[in-house]
There are 2 protein chains.
Amino acid sequence: MVRLTKKIEYALMALKYISDECDKIVTAKQISENLNIPNQLLAKILQKLKKEKILESVQGIKGGYKLGKKLNEISLSFLIETIEGDMGIVDCLKTDRQGECCQTDSCNIKDPINQVQTEIYKVLKNKMVSDFV
Amino acid sequence: MVRLTKKIEYALMALKYISDECDKIVTAKQISENLNIPNQLLAKILQKLKKEKILESVQGIKGGYKLGKKLNEISLSFLIETIEGDMGIVDCLKTDRQGECCQTDSCNIKDPINQVQTEIYKVLKNKMVSDFV
DNA sequence: TTAAAATACGACTTTTTAGGTCTTATTTTG
DNA sequence: CAAAATAAGACCTAAAAAGTCGTATTTTAA
C-alpha cells in the first residue's frame with residue numbers, strides 16, 4: 001500500500017490554514033476547530049513541525065503558531081520525515097532497521113526496490129507544500 | 001508513510017523466482033522454502049496473482065505455478081492493485097470510500113493530494129516487474 | 001481406489017502501526 | 001494568581017498487516 005497518513009494530511013491542512021492567516025498567530029485550538037481535526041493530535045503534530053523550524057511558536061495565553069519557513073521551502077519529503085521519521089518504502093531500507101530482515105540472504109529484489117524508492121522519493125522531494133495552496 | 005507491504009515484496013520475489021525457473025512448474029512450497037517466506041501466506045498471494053492471470057496454476061500432485069504474463073507486461077501498479085485492491089494514497093481518494101471522510105467540508109488540500117497521487121501512480125505504472133530481475 | 005501432494009479458499013488469530021486520549025508541566029498575560 | 005496557551009510523555013483503542021488453521025478439491029501414481 002502506498003499512502004499518506006492522517007498526520008501528514010493534518011499537517012498539510014494546518015500549514016495551509018496558518019499560511020492563509022498571513023502573519024497572525026493562530027492557536028492549535030483555532031485550527032483544530034476550523035478544520036475538524038482532533039485537538040491533542042494536532043497539537044503534537046504542530047510541535048514536531050516546530051522542532052524542525054517549519055513553525056515558530058509562542059507560549060502563554062496569547063501564544064500560538066506562525067510559519068517558520070516559507071511553504072515553497074518545505075518539500076513533502078521533508079514534511080513526511082519530520083512527522084513520521086525515516087521513510088523507507090520497505091523495512092530493510094530504513095536506516096534504523098538495517099540488518100533486521102530475515103530475508104537478507106534470500107532476497108532477490110533489494111536493488112530494484114531501492115530504485116523504486118528513489119523515484120518515489122524524487123516525486124515527494126519535488127513537491128513543495130506551497131503546491132498545496 | 002509511503003511503503004510497500006510484505007505481500008508486495010513476497011510477490012515480487014516469487015515472480016522473480018518463477019521467472020528464473022523458465023518454463024518449469026514450481027510449487028508454492030519450493031518458493032517459500034527457498035525464499036524464506038511463510039508458506040500459507042505465499043500460497044494466498046499466488047492465488048491472487050493467478051486470478052489476474054499473472055500466473056497460471058496446475059492442481060494436483062504434480063501441480064504448481066508458472067508465469068501467465070511476461071514480466072515486462074506487469075506494472076508495479078497492477079501488481080499492487082491485484083494484491084491490495086484499490087490504491088488511494090488517502091482514504092478519500094479510494095473509489096470505495098468516497099464520501100466517508102468527515103473532513104470533506106473543511107478539507108483544503110484535496111486537489112493537490114490528488115496530484116501527488118497521480119505522480120506516484122505514474123512511477124508505479126512505469127515500473128515493470130521485469131525491472132526487478 | 002486410495003494415499004500423497006499439490007492448489008483453493010475462508011475463517012481466525014496475532015502483531016504492529018496508526019490514531020487518538022489523558023495527565024501533568026511550563027509559559028505568559030492581564 | 002487565574003486563565004489560556006504550548007510542551008511532553010504515557011497511555012489506550014482501533015484498524016491494518018502479517019501470519020495460521022482447517023478443510024475441500026484436484027491430480028497422479030502405486
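Each chain gets a letter, A, B and so on, in the order the sequences are listed, and its residues count up from 1. Quick note: numbers below take in every heavy atom, side chains included, and nothing from hydrogens, waters or symmetry partners.
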For Lys50(A) and dT27(C), give me the distance from atom NZ to atom P, rounded to whole Å.
11 Å
Quick one: which of dA18(D), dA5(D), dA3(D) gets closest to the side chain of Leu41(B)?
dA18(D)
Which sits closer to the 5' end of DNA chain D, Ile61(B) or Ala43(A), going by the nucleotide each is nearest to?
Ala43(A)
Heavy-atom nearest pair, Leu79(B) first then Leu12(B), reads CD2-CD2, 3.7 Å
Kindly give the heavy-atom pair with the smallest separation between Ile109(B) and Phe132(A), and that separation in Å.
CG2-O, 4.1 Å
OP1 or OP2 of dA7(D) versus the side-chain N and O atoms of Ser57(A): is any pair under 4.0 Å?
yes
Check this one for me: any side-chain N or O of Lys44(A) less than 4.0 Å away from OP1 or OP2 of dG20(C)?
no
Whole-Å distance separating the NZ atom of Lys6(A) from the P atom of dA16(D)
10 Å
Indicate, with a heavy-atom threshold strictly under 4.0 Å, whether Lys51(A) touches base, sugar-phosphate, or nothing.
sugar-phosphate
Would you kindly give the OH-to-P distance between Tyr65(A) and dT27(C), to the nearest whole Å?
15 Å
Hey, are Lys122(A) and Glu119(A) close enough for a salt bridge, meaning a charged N less than 4.0 Å from a carboxylate O?
no
Output the rounded distance in Å from CG (Leu49(A)) to P (dA8(D)).
13 Å
Proximal nucleotide (of dT29(C), dG19(D), dT27(D)) relative to the Pro38(B) side chain:
dG19(D)
If only side-chain N and O atoms of Lys7(B) are considered, is one of them under 4.0 Å from the OP1 or OP2 phosphate oxygen of dA18(D)?
no
Distance, rounded to the nearest Å, where Ile31(A) contributes CD1 and dA5(D) contributes C1'
13 Å
Look at the side chain of Gln59(B) and the base of dT7(C), then say whether one donor and one acceptor between them are separated by less than 3.5 Å.
yes
Measure from CG on Leu46(A) to P on dT6(D) and round the result to the nearest Å.
8 Å
Rounding to an integer number of Å, can you tell me how far Gln40(B) CD sits from dA5(C) C1'?
14 Å
Using whole Å, what does the distance between atom C1' of nucleotide dT28(D) and atom CD1 of Ile25(B) come to?
13 Å
Is there a side-chain contact between Ile25(A) and Tyr65(A) (heavy atoms, below 4.5 Å)?
no
Just call it for Ala28(B): base, sugar-phosphate, or nothing, with non-hydrogen atoms closer than 4.0 Å on any strand.
sugar-phosphate
Any side-chain N or O of Tyr10(B) less than 4.0 Å from the OP1 or OP2 oxygen of dA17(D)?
no
From C-beta outward on Lys62(A), which listed nucleotide comes closest to its side chain: dG30(C), dA8(D), dT27(D)?
dG30(C)
Which residues satisfy the side chain to side chain donor-acceptor pair (under 3.5 Å) test with Ser32(A), sequence neighbours excluded?
Asn39(A)
Go nucleotide by nucleotide along DNA chain C from the 5' end; which of Asp91(A) and Val58(B) gets its closest nucleotide reached first?
Val58(B)
